[in-house]
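In what follows, chains are A, B, ... by sequence order, proteins preceding strands, each numbered from 1.
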Protein chains: 2
Amino acid sequence: MTKKTASVPALMDVARRAGVGAATVSRVINGGQNVSTKTLAKVQAAIQELGYHPSQAARSLKGAKTKTIGLIIPSVADPFFSAAAAAIQEVALEHETLVLLAASDNQPAREREQITALIQRRIDGLILAPTYAAEPTMLQHAKFPVICFDRPFPDKAVPTVLADNYGGAKAATEHLIRNGYERILCIGGDAPLFTSQKRVKGHRDVIRAAGLPYLAELNVQDYLSTRAALDRHLAGRQKIDAIFCIKNELTVHAYRVLRERRIAIPRSVALLGFDDFELADALEPPISVIRQPVVEIARKAAEMLFKTMEHESVGKGMITMRVELVTRGSCGEQ
Amino acid sequence: MTKKTASVPALMDVARRAGVGAATVSRVINGGQNVSTKTLAKVQAAIQELGYHPSQAARSLKGAKTKTIGLIIPSVADPFFSAAAAAIQEVALEHETLVLLAASDNQPAREREQITALIQRRIDGLILAPTYAAEPTMLQHAKFPVICFDRPFPDKAVPTVLADNYGGAKAATEHLIRNGYERILCIGGDAPLFTSQKRVKGHRDVIRAAGLPYLAELNVQDYLSTRAALDRHLAGRQKIDAIFCIKNELTVHAYRVLRERRIAIPRSVALLGFDDFELADALEPPISVIRQPVVEIARKAAEMLFKTMEHESVGKGMITMRVELVTRGSCGEQ
DNA sequence: GAATGAATTGGAATCGATTCCATTCTTTGC
DNA sequence: GCAAAGAATGGAATCGATTCCAATTCATTC
C-alpha cells in the first residue's frame with residue numbers, strides 16, 4: 001500500500017528506508033567516506049532490501065563519465081572485426097567500461113545514424129573503422145576522443161592504427177616473384193575501400209617494377225564471382241600461374257575453385273592471401289598468407305583511446321603495424 | 001564571451017538561441033507537432049548551428065526507454081557467438097536500438113559484474129547466454145525482460161531459445177553406428193556447461209542402447225590436450241574407430257591430430273563434429289557435422305525480447321530449435 | 001467586428017544522483 | 001570542563017529533457 005508503482009527504486013527510496021538524507025546515501029554508494037559505521041550498515045541494508053542500483057543516467061546528467069565507449073565496425077560476423085571487438089572489449093573491461101557495439105555494414109548512411117545514436121548516449125570515447133565515405137563534420141561537435149583502426153578517417157586529425165597494407169602487398173608480390181611466378185592475378189572485392197586500394201597499389205608497384213603483366217579482377221565478392229573471374233584466367237594461351245587475394249574470404253573462395261577445377265597448388269597455380277585465417281594451415285596444401293596483427297591493432301587503438309580519455313596525449317599521427325609473411329607451401333616454398 | 005565552457009550544448013541553449021521556450025524545442029525534436037512553420041525553421045537552424053544532440057541520459061531519466069539492450073556472451077571471438085551477436089545486432093537495428101555488448105568468459109563472477117553494469121544503465125532488455133552458475137537472484141529486481149539463448153537460466157521462468165543438443169548428439173551417434181563404427185570416442189571440453197552435458201548424455205544414451213562401449217575424454221581444451229587424449233585411444237589393442245567432438249574447436253584439433261598421425265579419415269577413424277564451421281567442407285576429407293541454426297536461434301531470441309518489451313506475451317517456455325546432420329564424407333558416407 | 005474554438009507557446013515541476021554549504025554531533029587537547 | 005577542530009549529516013540547487021497546464025495568438029464564422 002505504501003508504493004503504487006513497482007518501479008525501479010531510487011536513491012531517495014533508500015534514504016527514506018534507512019531514515020537518512022539523500023546526501024548520505026550518495027556518500028555510501030561512492031566509497032562511504034565520512035559516514036559512521038552505524039549509518040553505513042543501515043544504508044547498505046536498505047540497498048540490499050530494495051535491490052537498489054544507482055542510475056547511470058542520473059549520474060551522467062551531473063557530468064559524470066558514462067563508463068561506456070562506442071565501437072563501430074563494418075560487421076560483427078567478419079572474423080577480423082570480431083577478433084578486434086574481442087580485444088577492445090578486453091581493454092574496456094580493464095577500465096571498467098562497457099562497449100556499445102554498432103555495425104555500419106560499410107554503409108556511410110548507417111554509419112552516420114550509429115554515430116548520432118552514440119553521441120546521444122554521451123559515450124566517453126569512440127573506436128571506429130570508418131567507411132570509405134565517412135563524414136568528418138559528424139564528429140566535429142563530438143566532445144569525446146575518437147580513434148580509428150584498420151582504416152583512416154578522411155579528417156587526418158583522428159589518430160589511427162592500421163596494418164601496413166602497402167608493404168604487405170609488396171612483400172607478398174615479391175615473394176611470388178622470388179618463387180618464379182610471372183603471371184600473377186590479383187583479385188579483390190571492395191575497390192573503394194582504403195585497405196584494398198593500398199594493397200592493390202603495393203602489388204601493382206612491384207609488378208610494374210619487375211616488368212611483369214598487371215592482371216587484376218577487383219570486383220569479386222562471393223564464391224560465384226570468384227569462380228567466374230578465375231575461369232577467365234585459367235584457360236587459353238595466357239594462363240596465370242599465381243593468385244594474390246586481397247582479402248581473406250577471397251582466398252578461401254579461390255582455394256575452392258582451384259580444388260574444384262583440379263588445379264594443383266602450387267604446381268600449376270600458386271595461392272597467396274592477405275589476412276590469415278583460422279584453418280589456413282589445415283588446408284591441402286596449407287596456404288601462405290600475409291598476417292595482420294589484429295589483436296595488437298585493436299588493443300593499441302583501445303589503449304590509445306583510454307589514454308586520450310585520461311588526457312594523456314597520444315599524438316595525431318597514423319600508427320602503422322608491421323605485417324608478417326607466413327609461408328606454408330602454397331607458393332612452392334621448398 | 002557568452003559561454004565559458006565549450007561543453008555539449010543542451011536543449012536550453014537551443015531555446016535561447018532560437019528565442020523560444022524549452023517546451024517548444026522539445027516539441028521540434030520529437031516530431032514537430034503543433035509547432036508553426038516559422039518557429040520550426042528557427043529551432044532547426046539553431047540545432048544545426050550548435051550541433052545539438054538530445055541527451056539520452058536526461059530522456060531516460062524521465063522514464064523514456066533507453067533504446068539500448070544488453071547482450072552477454074562468453075566470448076566475442078567465438079565464431080558461434082559472434083554470428084549470434086551479428087544476428088542480434090541486426091534485429092536491434094530494425095528496432096532502432098543499440099546493443100551493449102559484454103563478455104562473461106564463462107565466469108559467473110564476471111557475469112554478475114556485467115549484469116550490474118547493465119542494470120545501472122537501465123537497459124530495455126537483456127539477451128544472455130548464461131554461465132553454468134548464473135545467479136537467479138541477480139535479475140529478480142531487474143525491471144526489464146530477459147531472454148536466454150544457447151543455454152537455459154537456472155530460474156526456469158526465463159524464456160530460452162536453444163538448439164536440440166540432446167537430439168543432435170543422438171543423431172550424430174546413430175549416424176556413426178549406422179555407418180558401422182563401434183568404438184566411438186566422445187571428446188568434450190567444458191564439462192559443467194549445459195550444452196556439453198546434454199550432448200554427452202545424448203551420445204551416451206545411444207551408445208548404451210546399442211550395447212557399445214562408452215568411451216569419453218571430457219576434459220579436453222586445446223590442441224595439446226586433444227592430442228594427448230587421442231593418442232591414448234589410437235594405440236594398443238583397443239583402438240577407437242570414430243571420434244565424436246562435442247564442440248567445434250575440438251573437431252578442428254582432432255582433425256589436425258589425425259592428419260599429423262597420418263591416420264586416414266574415415267578409413268581408419270571417422271570424425272564427426274557438433275557445430276558447423278567455416279571450412280568444414282574444404283578440408284580433406286570434408287567433415288560431417290551437426291549444424292546448429294545459429295542465426296535463427298539468435299534472431300528468435302532477439303525477436304522474442306522485442307516482443308516482450310512491447311508487452312506481447314511470448315510464453316515462459318524453452319524453445320528448442322532443430323539441428324541438422326550435414327554429411328560430407330568424414331564418416332564414410334558413400 | 002466580436003465571439004468561439006483551435007493552434008501555438010512558455011512556465012514550472014519532475015525524473016535521480018551529486019555536491020556545496022550549513023548545521024549538528026564527537027572528539028581531543030589543554 | 002570548555003573550546004576548537006573535525007567528523008557526520010541533511011537541505012537544496014543542479015544537470016537536461018519531458019510534460020502538464022495555463023496563457024496567448026490565430027483563424028473562422030455569424
- Task: Among D/dG10, C/dG10, D/dG16, find the nucleotide with the atom closest to the side chain of B/A23.
- Result: C/dG10

- Message: Check this one for me: any side-chain N or O of B/N34 less than 4.0 Å away from OP1 or OP2 of C/dA7?
- Response: no

- Message: Between P on D/dT18 and NZ on B/K65, what's the gap in Å once rounded to a whole number?
- Response: 16 Å

- Query: Do B/Q292 and B/T195 have side chains that get closer than 4.5 Å, going by heavy atoms?
  - Reply: no

- Query: Does a side-chain N or O from B/R59 land closer than 4.0 Å to OP1 or OP2 of D/dA17, or not?
  - Reply: no

- Message: Applying a 4.0 Å non-hydrogen cut-off, can you work out what A/V25 is touching in the nucleic acid: base, sugar-phosphate, or nothing?
- Response: nothing

- B/L61 has an atom CG; how far is it from atom C1' of C/dT14, in whole Å? 9 Å

- Message: Just the rounded figure in Å: distance from C1' of C/dC15 to CD of B/Q56.
- Response: 14 Å

- When rounded to whole Å, the CZ to P distance for the pair A/R16 and D/dG11 reads 12 Å

- Just checking, is any N or O donor in the side chain of B/N106 or B/T131 under 3.5 Å from an acceptor N or O on the other one? no

- Give the rounded distance in Å between these two atoms: CZ of A/R27 and C1' of C/dT19. 9 Å

- Query: Would you say A/T24 reaches D/dG10's phosphate, i.e. side-chain N/O to OP1/OP2 under 4.0 Å?
  - Reply: yes

- Quick one: which of C/dT9, C/dA17, D/dG16 gets closest to the side chain of A/S55? C/dA17

- Can you check whether A/F194 reaches A/L162 side chain to side chain, under 4.5 Å on heavy atoms? yes

- Message: I'd like to know if B/E96 pairs up with B/K65 as an ion pair, taking the criterion as any Lys NZ or Arg NE/NH1/NH2 lying under 4.0 Å from an Asp or Glu carboxylate oxygen.
- Response: no

- Message: Check this for me: A/K42, atom NZ, are more than 12 non-hydrogen atoms of other residues, nucleotides or ligands nearer than 6.0 Å?
- Response: yes

- Note on the structure: To the nearest angstrom, the CD-P distance between A/Q33 and D/dT9 comes to 13 Å

- Message: For A/H53 and B/G21, find the nucleotide of DNA chain C closest to each by heavy atoms; which residue's nucleotide sits nearer the 5' end?
- Response: B/G21

- Query: Are any of A/S26's side-chain N or O atoms less than 4.0 Å away from OP1 or OP2 of C/dT18?
  - Reply: yes

- Within the structure shown, what part of the strands sits under 4.0 Å from B/G32 by heavy-atom distance: base, sugar-phosphate, or nothing? nothing

- Item | Euclidean distance, atom CG of residue A/L11 to atom C1' of D/dA13 [Å, nearest integer] | 15 Å

- Ranking D/dT9, D/dT19, C/dT18 by distance to the side chain of A/K62, first place goes to C/dT18

- Residue pair A/R121 / A/T68, side-chain donor-acceptor N/O under 3.5 Å: no

- Message: Is the phosphate of D/dC26 approached by B/S36 (side-chain N or O, under 4.0 Å from OP1 or OP2)?
- Response: no

- Output yes when at least one side-chain N/O atom of B/N30 is less than 4.0 Å from OP1 or OP2 of D/dT18, else no. yes

- Spacing between B/K42 atom NZ and C/dG10 atom C1', to the nearest angstrom: 13 Å

- Message: Regarding B/S60, tell me which of base, sugar-phosphate or nothing describes its non-hydrogen contacts under 4.0 Å with the strands shown.
- Response: nothing

